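The residues of the chain are indexed from 1 along the displayed sequence. The structure displayed is predicted, hence computed values, not measured ones.
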Amino acid sequence: MHKVIQPKVTLVGAGPGDPDLLTIKGVKALSEANVVLYDALANEEILTYAPKKSIKIFVGKRKGLHEYSQDQINQLIVDNALTYGHVVRLKGGDPFIFGRGSEEIEYVESFGIPTFVVPGISSSIAVPACQGISLTKRGVSESFWVITGTTSDRKLSNDVALAAKSSATVVILMGMSKLSQIVTLFQNEDKGKTPVAIIQNGTMTNEKIGIGTVDTIVNVAQMNNLSSPAIIVIGEVVRESNKLKGFYEEFISNEINK
């Protein structure tokens with residue numbers, strides 16, 4: 001007798017990079033996968049949670065090279081679910097924060113295939129947290145914006161200009177190529193002295209950090225050779241981090257001594 005294939009798709013957030021920040025529910029889903037379709041994960045160690053005999057297919061992007069288009073990925077998920085059963089779609093961070101996870105779920109559900117979502121720890125919150133930056137803090141910041149630096153048409157999101165007008169903490173993902181534009185928008189709002197942190201490869205062993213202000217951060221990024229993938233955090237909460245106090249005090253004393 002042939003075993004009846006029961007297709008299902010679980011969308012799993014892999015977290016910000018440190019493999020220990022994958023959720024227990026994510027580990028359980030991977031352990032039951034027949035097929036894993038994964039993006040360019042910050043840490044491929046996560047794949048060891050999937051059975052050895054499971055099929056693992058890389059469908060992500062690396063340095064601008066697109067292995068598959070989004071339409072092809074959608075189709076691969078469905079084809080593999082119908083052929084093999086349980087597909088785990090593994091995405092970095094949280095799949096619903098700039099991860100196009102909802103598009104994939106909608107496509108799969110249009111075929112009547114059951115879907116499940118395992119949220120991931122988003123890098124937008126976890127990476128600042130690991131540096132002691134609390135995105136909200138009583139008396140300092142009442143809210144935060146998480147904005148993509150590069151929209152689908154490769155432009156800087158218009159929301160950055162709106163965020164610059166607010167008193168909120170601003171977290172920008174995928175924004176390193178637009179750093180000088182971002183700085184200009186904050187300078188236009190007289191925010192030149194606002195603290196900024198750039199954290200590259202956050203939560204990973206090769207993490208790099210640059211601390212400055214809106215006025216100086218472009219130079220700091222160049223001096224420290226900071227590039228993508230990095231998270232930009234703009235706001236007074238950067239100054240409040242105990243972990244970064246040494247960085248910040250050193251930066252301020254350098255500024256005074258210039």
*For F96, look at atom CZ and say whether over 12 heavy atoms of other residues, nucleotides or ligands are found less than 6.0 Å away.*
yes

*asked:* Determine whether a donor-acceptor pair (N or O, by modelled atom type, separation under 3.5 Å) exists between the side chain of S141 and the backbone of K137.
replied: no

*Verify the neighbour count for atom NZ of K25: are there more than 12 heavy atoms of other residues, nucleotides or ligands below 6.0 Å?*
no

*T203 (side chain) donor-acceptor with D18 (main chain) under 3.5 angstrom*: yes

_Looking at E142, I'd like to know if its CD atom is crowded, meaning that more than 12 non-hydrogen atoms belonging to other residues, nucleotides or ligands lie closer than 6.0 Å._
no

_If I compare all heavy atoms of R89 with all of I77, which pair ends up nearest, and what's the gap?_
CD-CD1, 3.8 Å

*Do the charged groups of E104 and K91 touch, with an N to O distance under 4.0 Å?*
yes

_ILVMFWY cluster, V35 and I113 together (side-chain gap under 4.5 Å)_ = yes

*Roughly how far apart are L37 CG and D39 CG, rounded to 0.5 Å?*
9.5 Å

*Determine whether Y84 and V108 fall in the same hydrophobic cluster, where Ile, Leu, Val, Met, Phe, Trp and Tyr are linked whenever their side-chain heavy atoms lie under 4.5 Å apart.*
yes

*Applying the side-chain contact (heavy atoms from CB on, under 4.5 Å) test to L173, which of T148, I231, T150 qualifies?*
I231

*List the atom of V12, the atom of A29, and the distance in Å for their closest heavy-atom pair.*
CG2-CB, 3.9 Å

*Is a donor on one side and an acceptor on the other found under 3.5 Å between the side chain of S228 and the backbone of A230?*
no

*Look up atom NE2 in H86 and atom CG in N80, then write down how far apart they are to the nearest 0.5 Å.*
12.0 Å

*Option among V233, V146, I182 that satisfies the side-chain contact (heavy atoms from CB on, under 4.5 Å) test with I172*: I182

*With V196, the side-chain contact (heavy atoms from CB on, under 4.5 Å) member among D215, I217, T213*: I217

*asked:* Just by distance, no angles: are the side chains of Q75 and D71 close enough, under 3.5 Å, to form a donor-acceptor pair?
replied: no

*When you measure from the side chain of S166 to the backbone N and O of A163, does any donor-acceptor pair fall under 3.5 Å?*
yes

*For the pair Q200 (side chain) and K208 (backbone), establish whether a donor and an acceptor sit closer than 3.5 Å, ignoring hydrogens and angles.*
no

*With a 4.5 Å heavy-atom cut-off, do Y38 and L47 have their side chains touching?*
yes

*Kindly check if the number of other-residue, nucleotide or ligand heavy atoms within 6.0 Å of CG (N188) is above 12?*
yes

_We want to know whether S54 and K56 form a side-chain donor-acceptor pair, criterion being a heavy-atom distance below 3.5 angstrom._
yes

*Can you check whether L11 reaches T115 side chain to side chain, under 4.5 Å on heavy atoms?*
no

*Cation-pi, F116 ring and K8 (6.0 angstrom, 45 degrees)*: yes

_Distance-minimising heavy-atom pair for A197 and I133_ = CB-CD1, 3.9 Å

*Output yes when a side-chain donor or acceptor of K178 lies under 3.5 Å from a complementary backbone atom of K155, and no otherwise.*
no

*Say whether, by atom type as modelled, one donor and one acceptor occur between the side chain of D94 and the main chain of G120 under 3.5 angstrom.*
yes

*If only atom types and distance count, is the side chain of E106 paired as donor or acceptor with the main-chain N or O of E103 below 3.5 Å?*
no

*Identified side-chain contact (heavy atoms from CB on, under 4.5 Å) partner of V170 from the options V160, I147, L185*: I147

*Give a yes or no on whether the backbone of V214 and the side-chain of K193 come within a donor-acceptor separation of less than 3.5 Å.*
no

*Give a yes or no answer on whether the side chain of K191 reaches the backbone of A164 with a donor-acceptor pair at less than 3.5 Å.*
yes

